[in-house]
**Q** 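Once you've had a glance at the structure underneath, I'll fire off some questions.
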Number of protein chains: 4
Amino acid sequence: MSNLETPTNIRSFTDQPLAERFLATRQMSIEIASPLSSEDMQLQSIPDASPIKWHLAHTTWAFETFILKPLLPDYSEFHPHFEYLFNSYYNAIGKQFGRAKRGLLSRPTIDEVNQYRQYVDSAMVNWLTQLEPLSKSSDEHIQACDLLLLLINHEQQHQELMLTDIQHAFSINPLNPTYRATATIIHQSSSLNWQSFDPGLVQIGHQNEPFYFDNEGPAHQFFIAPFKIATRLISCGEYLDFIEQGGYQEASYWLSEAWKKINENNLIAPLYWKKQQGKWFQFTLAGLQPLDLNAPVSSINYFEATAYANSVGKRLPSEQEWEIAARAVKLHGHFYQQQALSPSASHDNSRKNELQQMFGELWQWTSSSYNAYPGFKPREGAIGEYNGKFMVNQYVLRGGSFASQHGHLRASYRNFFYPDAAWQYTGIRLAESL
Amino acid sequence: MSNLETPTNIRSFTDQPLAERFLATRQMSIEIASPLSSEDMQLQSIPDASPIKWHLAHTTWAFETFILKPLLPDYSEFHPHFEYLFNSYYNAIGKQFGRAKRGLLSRPTIDEVNQYRQYVDSAMVNWLTQLEPLSKSSDEHIQACDLLLLLINHEQQHQELMLTDIQHAFSINPLNPTYRATATIIHQSSSLNWQSFDPGLVQIGHQNEPFYFDNEGPAHQFFIAPFKIATRLISCGEYLDFIEQGGYQEASYWLSEAWKKINENNLIAPLYWKKQQGKWFQFTLAGLQPLDLNAPVSSINYFEATAYANSVGKRLPSEQEWEIAARAVKLHGHFYQQQALSPSASHDNSRKNELQQMFGELWQWTSSSYNAYPGFKPREGAIGEYNGKFMVNQYVLRGGSFASQHGHLRASYRNFFYPDAAWQYTGIRLAESL
Amino acid sequence: MSNLETPTNIRSFTDQPLAERFLATRQMSIEIASPLSSEDMQLQSIPDASPIKWHLAHTTWAFETFILKPLLPDYSEFHPHFEYLFNSYYNAIGKQFGRAKRGLLSRPTIDEVNQYRQYVDSAMVNWLTQLEPLSKSSDEHIQACDLLLLLINHEQQHQELMLTDIQHAFSINPLNPTYRATATIIHQSSSLNWQSFDPGLVQIGHQNEPFYFDNEGPAHQFFIAPFKIATRLISCGEYLDFIEQGGYQEASYWLSEAWKKINENNLIAPLYWKKQQGKWFQFTLAGLQPLDLNAPVSSINYFEATAYANSVGKRLPSEQEWEIAARAVKLHGHFYQQQALSPSASHDNSRKNELQQMFGELWQWTSSSYNAYPGFKPREGAIGEYNGKFMVNQYVLRGGSFASQHGHLRASYRNFFYPDAAWQYTGIRLAESL
Amino acid sequence: MSNLETPTNIRSFTDQPLAERFLATRQMSIEIASPLSSEDMQLQSIPDASPIKWHLAHTTWAFETFILKPLLPDYSEFHPHFEYLFNSYYNAIGKQFGRAKRGLLSRPTIDEVNQYRQYVDSAMVNWLTQLEPLSKSSDEHIQACDLLLLLINHEQQHQELMLTDIQHAFSINPLNPTYRATATIIHQSSSLNWQSFDPGLVQIGHQNEPFYFDNEGPAHQFFIAPFKIATRLISCGEYLDFIEQGGYQEASYWLSEAWKKINENNLIAPLYWKKQQGKWFQFTLAGLQPLDLNAPVSSINYFEATAYANSVGKRLPSEQEWEIAARAVKLHGHFYQQQALSPSASHDNSRKNELQQMFGELWQWTSSSYNAYPGFKPREGAIGEYNGKFMVNQYVLRGGSFASQHGHLRASYRNFFYPDAAWQYTGIRLAESL
């Protein structure tokens, strides 16, 4: 689907045994951090982003807190203060060190954090060894595997955040530091076409996916109105037209909140765009690069995405529309099998292969507020705070980015951010009602 | 449906000719303002609320701006600065005086605003006289009536805001001023039962309603999962239990954003609740009153509503669930006619008359983010800014309150406020998935 | 000295009996408020300014709190909530209603405040009648007169604030309301000369003044270095030159804090200056008026005063320098008698009469931080909070303005405001070390 | 005078040749940084404090900017971006990287900063070699030496800030990191006595000091009223009494601004005091230590110092009083020579040796706002921004702390900070008027 060169090949593992997958995930985090100095790893440039060192410790804390402490009676914690320092937001576990001050933790050092990782990894491997002999169908085994898989996916989510967060931190520095030498290779934009979808009753939410987060379910029926969706993402060139035709000065394109922010902050372009001596550049993981007009426009927020859509008389797709379209796309080597719940909603996949850039290039803003699916229940216990308590004022993104772990790409995955957040790898796909 | 004594009888007009309805609406605003001094009418206690005098001028401005100026070639505006002063948020009309500073306009005086009202009313009546002879089926006539009806409903919306805004302004004053002598008579709470609804494909949005705002359409099909909904609103007594059992100290009930606000502001009860010498009181239009444990809890925000629902293991209804339930209720003397789109969604109205307090008591928070219905298009021109540009980060409320104009009560009406807004007449109805 | 037309003649009383002086002062406040509607009297445009109605009530509260309640055993307070509502900042009296919310008190109405004034005035006159028969040399009589005089002066201070505060409130309104029809007549600027003063040991602080605030004493010796001082205030024309030559863009003129504020707020001119269609105007008590280039520049803050001084290679006078110069000026019909403490400091008054605009035109910023004189002790009791607790981060102004009560003009009077405050009648006089 | 163990012996050099002194100063900065990791050196916990790495680069930048670039025609700058990155506040040099974001500069790395230091040191030594042969009385030689001495003192000032800033950054970390193993040894408090001083005309400002900053002059005559001053600093035990007797709850002790801050932030003790399980601790360079009741109370702000003084019926000394007292103290092995300007001000030094803790223990807040001495002129050019533009809203501290370079201790030195700043090594000495 995507031939992007990711910073490291964070897309490799799919059918491995759990222990192997655990270790590979743990190793991947280390690889992502490897180009960075200990000073880089401490940077926190906005409260919503975290230092790389903190990511490395927090993901470790998650295994310690949700597996080792509750399940291993003899486990003794690595450090008495780490529960407080590396708890992100789980109130049921206890109080947390202030989110906005994570960049002020020069201690523990990165060496200590690495020791913490090794200590926890070693205990985890011991536990996994004990786990294997259990009957694979025993409740205990299933529950443990389920939890382990969740925490592996949790660390993989943080792997993407490590890249978005370090890019933002580097963007503040006038020296324009680079995370890696070469820029991400992104599909060149082909001509923008439209793919139509018939109305009908469809199934939304996780179906046959081997893993999913609680917020992807329950799967449920949804009546979809007829719509068409763009075959590719909006390019930098198209977005530049919007800017040059006065898009940031035309109130009618913008939501009321957005217009206020734009004017208060004198915004004239996306977060990472900089104009120098009449030429546009974009700050990337490879530092400041000339703007590639054919690449999809990236790191824009929901407000910008809706304004662009309004300016061309279109709109963003709902998350259900996006998901229906996505299930018509070949992913991981095979087509999604669309379940036809009603005749009118049946889809001929062979006709749909025009759709490009659905998965693994840029997260795509949808028009859908992040909310619970009908019948949604968070998981029991502290881990229930993972997703549910954020279901207000955020908007759903779909599709995954070049920085997402390959195994994460699936039609039901729901990412979510505030509508003014721009530092993720986010782009624009248009839609229209029929 | 509701035997509330409204401040003035703002529910009277339904089948009047337009001119009569126009004048009655104009008169109603004056009546609502009549208990207030010119000093009261100038108060603005929060940026989101406006002074009564401003409401009186702005609703006048709307008729002048959207009807008199564009449609009457000879009309000359009342005052050259009023376009700027009383434009609320229509960027297509021009710049606006700062929203948060409306309370600083001692000029124009209330006398001048009343002259403004009379000047515009007189011009409007002239125009309406000319309008009548037009063929009722002519495009011009239909468009004009449509616009007039919208602006009448606009002023009626402001009539409710006049009450919520003056109540909030008075609540700041330690003298506890009263707007009127007697408190609103609210249904005493009966026992809380549940009404179940079958799954099925239903119609959502305006149907046969004689008037609706653009955001109530287009009507569209929606697949509804099975659910049950509470037969009445949550009472003050039930909410007091929540408080006394530590609800404001238990993180797991609250959305993450809400928990932050509660702790930053040391919140322990709803906006208008005050504890004095061990007894709870509530600030109302009739001043500070002992808390009525049987009355529905009022003026709570979305965060409180969701926290309460979580604390009892329930949730808020979606706006679609609320609408389906509402169509099973007798309103304006007859049952809504529920269109059965699929057999499973057919409803036997006679079974549904248990539902109480659906209309005209308190607005009911739904779990639905305020967003466009499929195929929604704002109206053309400046008036298109009425609703569409606010479709982000707000939540839908349904049902109308005791302060809503009677003619506004309908199943498709979508009110919307930010999740931390509490100064409206808002309450809690619970729901649950089946 | 000054032939200004004050809004009302607030300068009349000097040698009256106390009762007469009390009543005249009370009457003056009513006269100052008389051009205003009850809506105008409620405006509060910045937290540091207060509504006129609040001034009228607070000055009344002061007589009630510091005289009637403690000294009249049978006095019963006018209203149980007024102690809380109209206490400005006296913690020893009790808690205070929030300063920034004074504009939200539509109740008490202006009629009730006027009743409050009459009630307190009546009780005060009774008390004064009892006071007169007391031996004039008795301790009780002296203390009572002393306190009364302080509170009369307190109300007179508020009379000036009533004018500055209503001007600021009116300046927010795009209708440019006027407080009175004709602009203040200010001395036309003559050519700017310099008056030199010899070094020497001098007396600073109140000397023979019939009244003074505690912060004007104790009188103390001060060694003054040789200096010269400008014979008049800086004119609008001179200040306009500063603006047009890039003064607001030249960092080297500005204190570091000031430079930050200027850039954060994009300031380019004084508070009340507005450029319209290429011409400069100034908002005044008489509304928006063309800028009078010969009038002294007014309503500028300490930051602007120091920047202007730096731009011409001068500085502001210290408060001691200003006071020494002021004692060489004819005031109230006679020259100040300068006490020669050391021969070198003796001054020949006849030579000094070049100095103009020292008193009663505009308050003049000095370079002196507002601090205690050596040996300063605040008054005993709650009234000790009058001045002392504000002795940090404010700067001393001298000379009085056209809005100051005539009897207040004296060489030792120390006014004080924060360096970013511009809404007072403040101007610039330059000085230089010799 | 003081037998404190400073972190490193930063007090050694007095009569060295300039080149030697330059190199010793440069070496001292490296030594102060030596216990810290590169992660520690990047911390910035408040906008007013800077990362250690930034201090190391900025002090280097000062030599490059004010000596190498203007005086060495062939000098080529180390890095084109460093002028922008390490300019603190010199607008005449150019724009500056945002002060509050210095902690976000992971690049340049500490290795690069060290290379920068070596590059500049090497160029400086070359320049100094050329400088030596110049006639010592030549203007060029004198001006160069003067500038060099200023910049050496500048770096020494930053050496103290390095300690205060890292202490503050460490204090945020719940792990309570230590900068060094052993706490500062501070004089145990003896009984508090009072030393009286006669009134008289005295000389204030630098006199025979071998070095002084521009703000210490011009020396000028000052008439001092009779006063007495405490013989030692206030101890932690005395300050604890103040706390335990309700000092932070008694409004009458506090300046109005201070009272507001205390209540807004719920302050109950000095910045670094923490109560754990009923016992008081203090965060220090040696981590969290039990509170030493006999040690002088440290890291308190001006507001706390004045409140404490008020609570015991005393006041802070003016900076002139402090200076007069300090000149009666033996420093650097000999008594200051007090110049008797008038007979009444003559002082018998032998009687004054009761005064303790005047120099090199804790900076002592004075009651004096930081302002220009009569006749003060900043230095010419960009370096003139060193001191003068900060002369507003700050208060003068005197005496130096245990972290001050030994050679800096002198009677005329004026340090200055905002009245709410507490993170410096600041204490309380009382005074009283006679």
Side-chain angles (χ1 to χ4, degrees), chain C residues 89-92 99 199-202 204 218 220-227 250-260 302-303 306 310 313 315 318 320-321 341-342 367-378 382 384-385 388-395 418-420 432-434, chain D residues 89-92 99 199 201-202 204 218 220-227 250-260 302-303 306 310 313 315 318 320-321 341-342 367-378 381-382 384-385 388-395 418-420 432-434:
Chain C
Y89 52 65
Y90 295 87
N91 295 313
R99 179 184 187 79
L201 206 54
V202 296
I204 293 294
H220 58 281
Q221 296 179 56
F222 188 87
F223 182 81
I224 199 116
F227 71 101
E250 175 50 51
S252 67
Y253 297 155
W254 298 84
L255 287 161
S256 181
E257 271 192 43
W259 187 240
K260 198 158 162 271
Y302 178 81
F303 292 142
T306 54
N310 286 336
R315 59 171 174 81
S318 70
Q320 292 85 7
E321 289 170 341
L341 295 173
S342 70
S367 63
S368 299
S369 174
Y370 175 51
N371 209 339
Y373 282 163
F376 168 73
K377 292 272 180 212
E385 299 183 53
K389 71 181 183 182
F390 301 107
M391 289 177 169
V392 68
N393 286 354
Q394 308 207 44
Y395 284 76
Y418 285 99
D420 61 353
E432 190 168 20
S433 294
L434 291 178
Chain D
Y89 52 66
Y90 295 87
N91 295 313
R99 179 183 187 76
L201 206 54
V202 297
I204 294 294
H220 58 284
Q221 297 179 55
F222 188 87
F223 182 80
I224 199 116
F227 70 101
E250 175 50 51
S252 67
Y253 298 156
W254 298 83
L255 287 161
S256 182
E257 272 193 40
W259 187 240
K260 196 155 163 274
Y302 178 80
F303 291 142
T306 54
N310 285 337
R315 60 170 174 80
S318 71
Q320 293 85 7
E321 289 170 341
L341 294 174
S342 70
S367 63
S368 300
S369 173
Y370 175 51
N371 209 339
Y373 283 162
F376 169 73
K377 292 272 180 210
E385 299 182 53
K389 73 180 181 182
F390 301 107
M391 289 177 171
V392 69
N393 285 353
Q394 308 208 44
Y395 284 77
Y418 286 99
D420 62 352
E432 190 169 17
S433 294
L434 291 177

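What you are looking at is a predicted structure, and each value in this text was computed from that prediction instead of being measured. Every chain is numbered from 1, with letters handed out A, B, ... down the list of sequences.
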**Q** To the closest 0.5 Å, what do you measure between CD (E250(C)) and CG (N91(D))?
**A**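 With rounding to 0.5 Å, CD (E250(C)) is 9.0 Å from CG (N91(D)).
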**Q** Side-chain contact, heavy-atom cut-off 4.5 Å: F227(C) with P374(D)?
**A**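 No, side chains not in contact.
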**Q** So which part of S252(C) gets closer than 4.5 Å to some heavy atom of chain D, the side chain, the backbone, both or neither?
**A**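 No part of S252(C) comes within 4.5 Å of chain D.
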**Q** For chain C, which of A92(D), S369(D), G388(D) has the most heavy-atom pairs under 4.5 Å?
**A**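 Counting heavy-atom pairs under 4.5 Å, the top option is S369(D).
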**Q** Under 4.5 Å, counting heavy-atom pairs only, tell me which of K389(C), E432(C), Q394(C) racks up the most with chain D.
**A**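 Heavy-atom pair counts peak at K389(C).
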**Q** In Å, rounded to the nearest 0.5 Å, how long is the span from OG of S433(C) to NZ of K377(D)?
**A**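 Those atoms lie 7.5 Å apart.
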**Q** To the nearest 0.5 angstrom, please state how far the CZ atom of R315(D) sits from the CZ atom of F376(C).
**A**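 One gets 12.0 Å once the value is rounded to the nearest 0.5 Å.
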**Q** Flag the one option from A382(D), P419(D), A225(D) with the top tally of heavy-atom pairs under 4.5 Å to chain C.
**A**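 Among A382(D), P419(D), A225(D), the one with the most close pairs to chain C is P419(D).
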**Q** Sort W259(C) into side chain, backbone, both or neither according to what part of it lies under 4.5 angstrom from a heavy atom of chain D.
**A**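 For W259(C), the side chain is the part near chain D, not the backbone.
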**Q** At a heavy-atom separation under 4.5 Å, does Y89(C) approach chain D through its side chain, its backbone, both, or neither?
**A**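 Looking at Y89(C), nothing touches chain D.
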**Q** Could you tell me if the side chain of Y395(C) sits less than 4.5 Å from the side chain of N393(D), heavy atoms only?
**A**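 Of all side-chain heavy-atom pairs linking Y395(C) with N393(D), at least one is under 4.5 Å.
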